[in-house]
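Down below is the structure, laid out as structure tokens.
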Amino acid sequence: SGVGFALQGNTIGNTVQLATGADLMVLSAASGTTPVYLNEDGMRSYLDRELARGSESLITSYSFTTAPLLVRTGTQRTTIGNLAGYPEVQVLVYGIEQNFLHTTYDKFYRPTEVDPEFKYAKTADGKDDTVNSLYVDAGKATLPQEAGGIKVPPDVISQDRGPQNNATATGNSTQQGISTEEAYTDYVDVLVSEALRLRSSVDTETPLKLQLYFKRDAVNSSVITYLAKSRALIRQMPGFFFSSYRQTAANSPVLVSMPQFYRMMTDIHNTMTNPVDSLPAKPPKAKLQVSMRAGASKLDREAVANGVRTFIDSQSIQILSSQDLVDSTAVGLDLITLFFNVVAVIATVLCFFVLFLSFTANVNENSWEFGVLRAVGLNSFKVIRMYIYEALCLIVSSVFIGISIGMLVAITLTLQFNLFTELAFTMAFPYALFFSVVGMSLLVAVLGSFLPARTLKNKEIAIALKNN
């Protein structure tokens with residue numbers, strides 16, 4: 001039980017860190033008809049001043065993330081799939097900053113396939129930084145079918161199909177397009193979920209079709225189609241719900257660079273007949289993640305959180321500290337561990353009396369054997385040690401059997417739980433509980449056998465043989 005709770009506690013902590021993504025997370029409920037966004041300028045100004053303190057700074061990095069493209073832009077849905085167009089999977093497109101993996105817990109970053117044609121910078125954990133590659137290698141990906149150069153096919157229609165002035169009407173829906181040359185040369189670099197591999201038959205060598213469906217006006221709908229190329233397929237990403245299970249492909253995240261995200265916003269805005277909102281100067285942000293310096297205390301985290309909180313004017317924006325959340329769960333686990341220790345002490349006391357009574361009966365029934373052993377030359381101390389060794393053999397064998405069975409059951413249950421969370425297995429062992437229980441067990445074994453056996457110490461050989 002102790003190993004099981006230790007493993008479950010470790011899993012809960014990792015799950016919390018995976019969900020928050022960084023030491024501090026500022027999250028806005030940027031959804032609905034009146035989304036609330038972060039005050040990026042104010043927060044960025046404060047955090048830049050904090051970073052400028054150098055070695056005295058409480059933080060090491062920060063990174064902003066946009067809301068899904070569905071929010072505010074009027075987009076009804078976004079889909080991605082192969083060029084065959086089947087199956088198309090609805091996804092959520094996010095814009096992330098270049099230093100995302102340097103701010104978040106990169107131990108939870110687990111790519112399954114990376115485009116091999118690029119030389120990637122490395123994260124602190126030694127993995128390929130594909131997020132940074134979305135910026136430094138933007139527009140440089142070449143698919144196997146483009147090895148001889150990108151050959152742009154001719155337009156299927158004679159007139160220009162720019163996003164602002166052209167559409168092919170089909171009822172109340174229109175197909176908005178960028179020029180054919182732009183579609184093939186100015187594509188979108190994306191990071192997609194591993195779940196799309198089997199769901200849509202895609203990988204890093206497959207050209208993708210990214211489509212944005214939105215309301216052009218009160219009556220008509222439009223769709224803009226982009227050619228996309230996946231820089232990597234990802235199984236896990238801090239702060240996002242990525243997975244390798246194909247059942248989770250729907251509404252899975254698709255990550256793009258901020259310039260590409262703003263490009264999509266601009267194309268949608270320019271296509272709308274009468275946009276409700278003006279186009280912002282940059283993508284609005286819905287999430288901020290902050291990396292604290294190593295060894296930062298709770299007071300340090302609160303100081304940074306309070307500094308950011310001065311730029312929050314809505315109750316829809318929350319600040320979460322992953323370490324505080326982990327600590328709160330640790331309190332419950334500590335109480336459970338304390339309960340186990342109390343139960344262990346009670347069980348040890350009961351075991352002592354059981355062992356004491358058992359060896360008392362054993363000594364009384366086998367006093368003749370004691371006399372025989374004394375008669376062949378063993379002194380009383382050696383005979384008493386035989387009883388102690390017998391008890392120790394019973395206890396030590398029970399300890400090893402119990403540990404083996406307990407760890408096997410605990411690890412099996414944890415691995416089953418990790419099948420759903422897809423967290424990497426991390427071993428955790430309750431050393432304090434283990435050594436306290438083993439120590440008390442050995443003490444009980446020695447006392448429970450020595451106290452009954454010492455009654456034979458002063459018994460003469462003849463009397464021991466005669467009593468039988």
Side-chain angles (χ1 to χ4, degrees), residues 10-31 37-38 40 43-44 47 51 58-68 71 91-112 123-132 134 191-195 232 234-244 248 251-258 261 283-294 296 300-301 304-305 308-309 312 317-329 418 421-424 426:
N10 190 57
T11 300
I12 291 173
N14 287 338
T15 303
V16 170
Q17 290 182 330
L18 173 62
T20 56
D23 296 324
L24 290 178
M25 179 179 71
V26 184
L27 182 64
S28 169
S31 60
Y37 296 107
L38 303 182
E40 179 185 355
M43 293 180 182
R44 193 179 292 275
L47 294 172
L51 284 173
L58 299 177
I59 66 174
T60 59
S61 180
Y62 68 90
S63 181
F64 284 95
T65 302
T66 68
V71 180
V91 293
L92 300 175
V93 179
Y94 294 87
I96 56 177
E97 293 190 326
Q98 186 173 355
N99 66 337
F100 178 82
L101 289 177
H102 290 281
T103 301
T104 56
Y105 297 129
D106 65 333
K107 65 179 180 179
F108 299 114
Y109 165 61
R110 299 170 64 191
T112 55
T123 67
D125 210 25
K127 301 171 185 174
D128 293 333
D129 191 343
T130 53
V131 175
N132 177 70
L134 292 178
L191 300 177
V192 299
S193 172
E194 171 67 21
I234 298 174
R235 180 179 184 178
Q236 203 169 71
M237 178 73 86
F240 290 99
F241 180 66
F242 280 80
S243 174
S244 62
T248 64
N251 293 316
S252 62
V254 171
L255 307 182
V256 301
S257 65
M258 288 294 180
F261 189 89
K285 308 302 189 300
K287 182 165 61 175
L288 166 66
Q289 289 159 307
V290 181
S291 173
M292 302 293 298
R293 70 177 182 186
D300 294 335
R301 295 192 297 271
V304 175
V308 173
R309 192 173 283 114
I312 296 177
I317 301 177
Q318 302 293 327
I319 299 180
L320 301 176
S321 169
S322 63
Q323 189 58 50
D324 290 344
L325 294 174
V326 171
D327 290 343
S328 64
T329 60
N418 286 356
T421 61
E422 296 191 81
L423 289 169
T426 304

For residues P283 and M258, report the shortest heavy-atom separation together with the two atoms involved.
-> CG-O, 4.1 Å
What distance separates R110 CZ from K127 NZ, expressed to the nearest 0.5 Å?
-> 7.5 Å
When rounded to the nearest 0.5 angstrom, what distance separates OG1 in T112 from CZ in F242?
-> 10.5 Å
Does any N or O in the side chain of S193 come within less than 3.5 Å of the main-chain N or O of S243, such that one atom is a donor and the other an acceptor?
-> yes
Looking only at heavy atoms, which two atoms of L191 and M237 are closest? And how far apart?
-> CD1-CE, 4.3 Å
Determine the minimum heavy-atom distance between G95 and F261, stating which atoms define it.
-> N-CD1, 3.5 Å
V256 and L134, any side-chain heavy atoms less than 4.5 Å apart | no
Who passes side-chain hydrogen bond (donor to acceptor under 3.5 Å, both in side chains) against K287, sequence neighbours left out?
-> none
Salt bridge (Lys or Arg N to Asp or Glu O under 4.0 Å) partners of D129, counting only residues at least two apart = none
Just do the side chain to side chain contact (heavy atoms under 4.5 Å, CB included) check on T130 and Y109 with the steps written out, would you?
-> CA-CA 10 Å; T130 53; Y109 165 61; 2.8 Å; yes
Who are the side-chain hydrogen bond (donor to acceptor under 3.5 Å, both in side chains) partners of T66, not counting sequence neighbours?
-> none
To the nearest 0.5 Å, what is the distance between CG (N251) and CG (L92)?
-> 5.0 Å
Please examine the side chains of Y105 and D23, heavy atoms only from C-beta on, and report whether any two atoms are closer than 4.5 Å.
-> yes
Separation of H102 NE2 from S291 OG (nearest 0.5 Å) | 11.0 Å
Residues in side-chain hydrogen bond (donor to acceptor under 3.5 Å, both in side chains) with T20, at least two apart?
-> none
I would like to know whether F108 and N14 meet side chain to side chain contact (heavy atoms under 4.5 Å, CB included); could you show each step before the answer?
-> CA-CA 9 Å; F108 299 114; N14 287 338; 4.0 Å; yes
side-chain hydrogen bond (donor to acceptor under 3.5 Å, both in side chains) with T103: which residues, sequence neighbours excluded?
-> S61
Value for CG (L325) from CE (M25), rounded to nearest 0.5 Å, stands at 8.5 Å
Might you point out which heavy atoms bring S252 and V91 nearest each other, and give the distance in Å?
-> O-CB, 3.4 Å
Can you list the residues that meet the side-chain contact (heavy atoms from CB on, under 4.5 Å) rule with A305, with sequence neighbours excluded?
-> R309, I319
Compare every heavy atom of D106 with every heavy atom of L101, then report the nearest pair and how far apart it is.
-> O-CB, 3.8 Å
Listed partners of D327 passing side-chain contact (heavy atoms from CB on, under 4.5 Å), at least two apart | R301, Q323, D324
Would you mind reporting whether L288 and L47 have side-chain heavy atoms less than 4.5 Å apart?
-> yes
Begin with the C-alpha distance, continue with both residues' side-chain angles, and end with the deciding distance and a verdict on side chain to side chain contact (heavy atoms under 4.5 Å, CB included) for V26 and I312.
-> CA-CA 10 Å; V26 184; I312 296 177; 4.2 Å; yes
Among all residues two or more places apart in sequence or in another chain, which pass the ring-ring contact (aromatic ring centres under 6.0 Å, His included) test with Y94?
-> F240
Who are the salt bridge (Lys or Arg N to Asp or Glu O under 4.0 Å) partners of R235, not counting sequence neighbours?
-> E422
Salt bridge (Lys or Arg N to Asp or Glu O under 4.0 Å) with R293: which residues, sequence neighbours excluded?
-> D300
Could you check K107 against Q17 for side chain to side chain contact (heavy atoms under 4.5 Å, CB included), going step by step and ending with a plain yes or no?
-> CA-CA 10 Å; K107 65 179 180 179; Q17 290 182 330; 3.1 Å; yes
Sequence neighbours excluded, the answer for side-chain contact (heavy atoms from CB on, under 4.5 Å) partners of R44 is E40, D48, Y62, F64, E97
Sorted by chain and residue number, the side-chain contact (heavy atoms from CB on, under 4.5 Å) partners of D128 (sequence neighbours excluded) come out as V114, Y120, K122
State whether the side chain of S322 and the backbone N or O of A22 hold a donor-acceptor pair below 3.5 Å, judged by distance alone.
-> yes
Going from OG on S28 to OH on Y37, what distance comes out if it is rounded to the nearest 0.5 angstrom?
-> 8.0 Å
